[in-house]
Amino acid sequence: MPERLNDWQLLKISTMGEYIKYKNKVIKLGTCESLYYACYPKYVLALESGQLRQEPGNLSPEQYAQADMGFLFRFPFPDEDHLKLGEVEDYRRGVPVIITEPTVLEDSSTATKPSYPREIELTQQKLIHRHSDGRLCLVLVYRDPYLGSSFRVEDDTLIRQILKQLIRNNVVKENNPQKKLFYRQIARRILDGYQLKKQNLMIFHVQNDVPKQKISGGRKKLS
């Protein structure tokens, strides 16, 4: 079932910051689990380049990059590639994706059903070993404005359905060439997160060899 942020976690998010030293300058990564100011690719590049140092009272640079630590990295939005690590204009940015197929976001726990088409907002990625097969993935996290919650997507079938909606509604039906390109790049980066290779992350993680017990559902409400 979906996994939601509880009141205690929301309180921590509002009061605790995560900091690191980047090129001899202290920067903010985010607040508690949400690393609003750092996307995973930029963070790993800086880490592998030896540009990160631990700031007193915070975790080591390696720990932030480990799988299953619960950290939510900023989605690597293509139009932010030119920005340095820690530089963002809107820390709570979400890129809208139009959903026209109700079964994609079906949630039996919701008493009232939203009308379609509706939008979800792509916001973050989370590095985990998937519950279904133990595979290391940088899974998509999206915000649902209607439900007021965020979800992570582990299931391959569900992420393909979301990508199909993105291509159909935000690329094919879009007339602006720049927006078409932007959303194609978004789709590719989502896919890349589910195709991480074991050898690419060996310096931070040990790939699980024994699959974990499978659980029902493909999206998890964050908690």
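This is a predicted model, so every value here is computed, not measured. Index from 1, following the sequence.
Counting heavy atoms from C-beta on, the side chains of Q51 and L85 never come closer than 4.5 Å. The side-chain heavy atoms of E119 and P145, taken from C-beta on, include no pair separated by under 4.5 Å. Inter-residue side-chain proximity for V104 and I120 is flagged as unmet; no heavy-atom pair is nearer than 4.5 Å. Side-chain atoms of D192 and Q195, non-hydrogen and from C-beta on, do get closer than 4.5 Å to each other. The shortest side-chain heavy-atom distance between V95 and F182 falls under the 4.5 Å cut-off. With contacts defined as side-chain heavy-atom distances shorter than 4.5 Å, the pair V88/R93 does not qualify. Considering only heavy atoms from C-beta on, Y194 comes within 4.5 Å of V153 through its side chain. You'll find the side chain of L72 reaches within 4.5 Å of the side chain of S34, heavy atoms only.
No option in Q54, E55, K21 other than Q54 meets the side-chain contact (heavy atoms from CB on, under 4.5 Å) test with P61.
Residue C32 comes nearest to F71 through the heavy atom pair O-CE2, 3.7 Å, listed as atom of the first residue, atom of the second, then distance. Of all the heavy atoms in R130 and E154, the pair that sits closest is CD-O, 3.0 Å.
Atom CD1 of I190 sits about 10.5 Å away from atom CZ of R188, to the nearest 0.5 Å. To the nearest 0.5 Å, atoms OH (Y183) and CG (L122) are separated by 7.5 Å. The distance from atom CG of N170 to atom CD1 of I98, rounded to the nearest 0.5 Å, is 4.5 Å. Rounding to the nearest 0.5 Å gives a distance of 9.5 Å between CG of D156 and CG of L191. Once rounded to the nearest 0.5 Å, the distance linking CD of Q124 with CD of E33 reads 10.5 Å. In this structure, CD in Q66 is found 10.0 Å from CG in L127, a value given to the nearest 0.5 Å.
The backbone N or O of Y40 sits nowhere less than 3.5 Å from a side-chain atom of Q125 that would complete a donor-acceptor pair.
Checking Y64 against E18 by side-chain atom types alone, a donor-acceptor pair falls below 3.5 Å. A donor-acceptor contact under 3.5 angstrom links the side chains of E101 and T103, judged on distance only.
The 12-atom threshold is exceeded at CG of D90, counting heavy atoms of other residues, nucleotides or ligands nearer than 6.0 Å.
A salt bridge is absent between K42 and E80; no separation between the charged side-chain nitrogens and carboxylate oxygens falls under 4.0 Å.
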